[in-house]
J.: 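There's a structure below that I have some questions on.
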Amino acid sequence: MSHTYQVGTPLEEVAVKEVSFEIKNQSFTAIVGHTGSGKSTLLQHLNGLLKPTSGYLTINGHKITPETKNKELGDLRQEVGFVFQFPEAQLFEETVLKDIAFAPKNFGKSEAEALEIAREKAKLVKLPEAVLERSPFELSGGQMRRVAIAGILAMSPKILVLDEPTAGLDPVGRFEMMELFKQLHQKEGLTIILVTHQMNDVANYADHVLVMEEGQLIADTTSKELFSDPSWLKAHHLSLPQTTDFAYQLQQRGISFETLPLTEHELARFLAPKLNQRGKIDG
Amino acid sequence: MGKLLLGRYLQGNSFVHRLDPRAKMILCFYFVLIVFLCNNWQTYLLLSATTLLCAVLSKIKLSYFIKGVMPLIWLILFTVLLQVFFTRGGTVYWQFGPLTLTQFGLLNGVFVFCRFVLIIFMSTLLTLTTPPLAIADATESLMAPLKKIKVPVHEISLMLSIALRFVPTLMDETTKIMNAQRSRGVDFSEGSLVKRIKAVIPLLIPLFVSALTRAEDLATAMEARGYRGGEGRTKYRRQIWQLKDTVSLVFFGLVTVGLIFLRN
Amino acid sequence: MNSIIEIKDLSFSYDHEEPKKVLDQVNLTIDQGQWVALIGHNGSGKSTLAKLIDGLLTPTTGTITVAGQTLSEETVWEIRDHIGMVFQNPDNQFIGADVAGDVAFGLENRGVPYEEMHLRVKEALKAVNMEKFAAHEPVRLSGGQKQRVAIAGVLALRPQIVIFDESTSMLDPKGRQEIVALMRRLNKEEGFTVISITHDIDEASLADRIIVLDDGKVIADDAPAKIFSRGNELFKIGLDVPYPERLKHELAHLGVQVPKKYLTEKEMVDWLCQYVLKK
């Protein structure tokens, strides 16, 4: 599929150019690339906010072509939960619970059913019981974001699209947020599509990676594969996860790896036997 | 949004671009006034020629001016039709109930149409050749005498320029929030009027919240950079009145003399 | 070295009724030319402290002295001449209609004459490498570029102290690198006293000194190496830990004896190679 903005005007701009890929059910896919690489445009096709200007895409059985009408999209918006960057900006209701219940009500659930769902999803994102009846605007930034995410989960989507979901959070907030998505992926069986600049998160959580550059898809691979080639990444101005970067430095000094590790846990498991052996010899 | 040309500046370096914004604003308002002096085809011809001359001097394609007229075309046509069918006098060409088509009616219709087009052309010329900020600055400068009667001229102008500066930012924000709420099942384009009005609430509240946060941040940033009101401030942009500004004023004066001469 | 900022028994709360203070009995001295990183989780009081130093908030109790002057209603405008602040959101601090107009804003406020103002705007834009963008409107700039403009706006005023209040947190990696490089240059080459409030541990590690705030109290104040050797203790209060410390933590879990001292990445590589490669 391709997407061109303002076709036929002097401002015409190709944002996504003849991209083809497949995302498997219940996978955890990361999309990486620089600002302006076309990631955001691509993302907005996933729940029909944008339609391709040529080509097509099929999401959970819904085919979207340039001719598709909004009405034909049916339940697509409900099946694909879209968490925008800084999603707390979408909060507007009087109470946290009502805000979470907003989407299910729009999709035809009764008030009582929607509130029931809201309660359940608030628990899923680990919001304390005490905040549910409070105004969302009284909460901390991290909690507001959880409310927004619960508001998306309330549609019971099969696919969760996350656009830089940890931006602006502090380190522990970031970690907890990513752990939440991991749990949603593993326990709730959601397919996750994550757009991020954080290579550590790609290494720690994603199994499938798509790399965008100037509107084109330049890699469609696993994270292991992607990070095994530091020079390719460097050529495309992408950074390595910290562990891979560190292991790469070790490799240059003569410690050989079969494949470069992605997480510090993995690296430690590799190094520990070698270091403990030293302990025995020294001892 | 692209259709509304009013307030869209086109970069350039023509004679009109380089005129002092104050001169342009004075002339634009003055022109609107003298258009009402026209009462026959000679006078309209004179002002059309003047407008055309200005347009040529701006080196902007005529199509931009026509685009400026388009958003208002229905209003214009409606007014023209009222004039055509309800003005009496001269030869009667056609009659049906209260509607009459007369010589004067037709003539008046044509005149009203010309009046609209001339005014829109001239104000489009002002906004196409003058950056919004320069208009805000010129407003401050032209309103300066009002300071004497305690009108907060500086504050008004600053508010105007900050508002202009944040238009694109808030438009961006609106698109983002609309997308987010559409993703939560809001339909902004369909349904009954009541339903559509209801759909606006989830858009407006977040927009207000965000605008307030921005305003607070902006106020802090302004204070941190030493803003303490208009007193003792100097200006980065200086508007310099040049010979060509005076010449333009004199030229419009001559046009007025011609206009009075040609009037019935 | 001369101290440029002295903070004595500073406490602050937004609401006098509220017993919990945003800042609680803070005492600090910052030397001229120092680069200080202020770290702490969201809500720990970092940004409040920065705003207090610039007189944007008024202390509940305690005193702040900047460049020898005690902050009060009378001295606040003079003190602000010594301090430049760069905030978090690039959009919400862009006041002018275009780049040059924004850089000029602070100069206009201080009544700087026309010719000198144009000169200083030009100089400041050159210093942040944005002179080509002088006539650009903010919509046509990236986040990193907007922050560079904000820095130019500060430099044009020739302050002694520049406070970066989470100025890199909303930027992409490229924008972040640019701003951190600028910070380094301002401090190391041009002698500005720099206070950077940040979550980015790599940014903090460049500082001469790190101050850790937790729930309004200074809980640590030392050189980066000393702070980082506290390792997991930092993570517990919501902060990141430099990579070598994280790896050491994992290794210790697997029964490896690791050095207590903080090691930089290079030192850690050396240490590992020394033992792994030795047969």
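A note on names: the letters A, B, ... follow the listed sequences, proteins ahead of strands, and every chain is numbered from 1. Note that the structure is a prediction, hence the values are computed from the model and not measured.
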J.: Would you mind telling me which of C:D54, C:V76, C:V103, C:L56 has the largest number of heavy-atom pairs within less than 4.5 Å of chain B?
T.: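 Highest number of pairs under 4.5 Å: C:L56.
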J.: Can you tell which part of C:F87 gets under 4.5 Å to a heavy atom of chain B, answering side chain, backbone, both or neither?
T.: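 For C:F87, side-chain heavy atoms alone lie under 4.5 Å from chain B.
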J.: For atom CE of B:M70, decide whether the heavy atoms of other residues, nucleotides or ligands shown that lie under 6.0 angstrom number more than 12.
T.: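 Open.
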J.: If I measure from the heavy atoms of chain B, does C:D165 come under 4.5 Å with its side chain, its backbone, both, or neither?
T.: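 For C:D165, no heavy atom lies under 4.5 Å from chain B.
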J.: Would the number of heavy atoms belonging to other residues, nucleotides or ligands and lying under 6.0 Å from OH of C:Y114 be above 12?
T.: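 Yes, because the 6.0 Å sphere around OH of C:Y114 holds more than 12 heavy atoms from other groups.
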J.: Using a 4.5 Å heavy-atom cutoff, which residues in residues 118-128 of chain C come close to chain B?
T.: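 Listed by number, the contacting residues are C:H118, C:V121.
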J.: How close do B:R237 and C:G101 get, heavy atom to heavy atom, and via which atoms?
T.: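 Smallest heavy-atom distance, with atoms named: NH2-CA, 3.2 Å.
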J.: Which residues, numbered in order, of residues 131-157 of chain C come under 4.5 angstrom of chain B by heavy-atom distance?
T.: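 Within residues 131-157 of chain C, near chain B: C:P138, C:V139, C:G153.
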J.: Examine whether an atom of B:S161 lies under 4.5 Å from a heavy atom of chain C, and if so say whether it belongs to the side chain, the backbone or both; otherwise answer neither.
T.: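 When you check distances to chain C, no heavy atom of B:S161 falls under 4.5 Å.
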J.: Please identify, among C:G55, C:G106, C:G111, the residue contributing the most non-hydrogen atom pairs under 4.5 Å to chain B.
T.: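 Most heavy-atom pairs under 4.5 Å with chain B: C:G111.
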J.: Is B:K244 atom NZ crowded by more than 12 heavy atoms from other residues, nucleotides or ligands, each under 6.0 Å away?
T.: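 Counting neighbours around NZ of B:K244, more than 12 heavy atoms of other residues, nucleotides or ligands fall under 6.0 Å, so yes.
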J.: Taking atom CZ of B:R214 as the centre, does the number of heavy atoms from other residues, nucleotides or ligands within less than 6.0 Å exceed 12?
T.: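 Above 12, so yes.
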J.: Measure distances from B:L164 to the heavy atoms of chain C and classify the residue's part below 4.5 Å as side chain, backbone, both or neither.
T.: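 Answer is neither: B:L164 stays 4.5 Å or more from chain C.
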J.: Are there residues of residues 88-96 of chain C whose heavy atoms fall under 4.5 Å of chain B's heavy atoms? If so, which?
T.: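 So far as heavy atoms go, C:N89, C:D91, C:N92, C:Q93, C:F94, C:I95, C:G96 are the residues that approach chain B to under 4.5 Å.
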J.: Within a radius of less than 6.0 Å around CZ of B:F188, do more than 12 heavy atoms belonging to other residues, nucleotides or ligands occur?
T.: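 Yes, CZ of B:F188 has more than 12 neighbouring heavy atoms, counting only those of other groups under 6.0 Å.
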J.: Using non-hydrogen atoms and a limit below 4.5 Å, what part of residues 225-234 of chain B faces chain C?
T.: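 Within residues 225-234 of chain B, the residues under 4.5 Å from chain C are B:R225, B:G226, B:Y227, B:R228, B:G232, B:R233, B:T234.
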J.: For C:I163, which atoms come within 4.5 Å of any heavy atom of chain B: side chain, backbone, both, or neither?
T.: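 For C:I163, there is no contact with chain B at all, as no heavy atom is under 4.5 Å.
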J.: Using non-hydrogen atoms only, which part of C:E116 is less than 4.5 Å away from chain B: side chain, backbone, both, or neither?
T.: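 For C:E116, there is no contact with chain B at all, as no heavy atom is under 4.5 Å.
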J.: Would you indicate whether B:E216, at its atom CD, is surrounded by more than 12 heavy atoms from other residues, nucleotides or ligands within a distance under 6.0 Å?
T.: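 No, not enclosed.
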J.: Search all heavy atoms of C:A100 against all heavy atoms of B:Y236 and return the closest pair with its distance.
T.: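 Taking every non-hydrogen atom into account, CB-OH, 3.5 Å.
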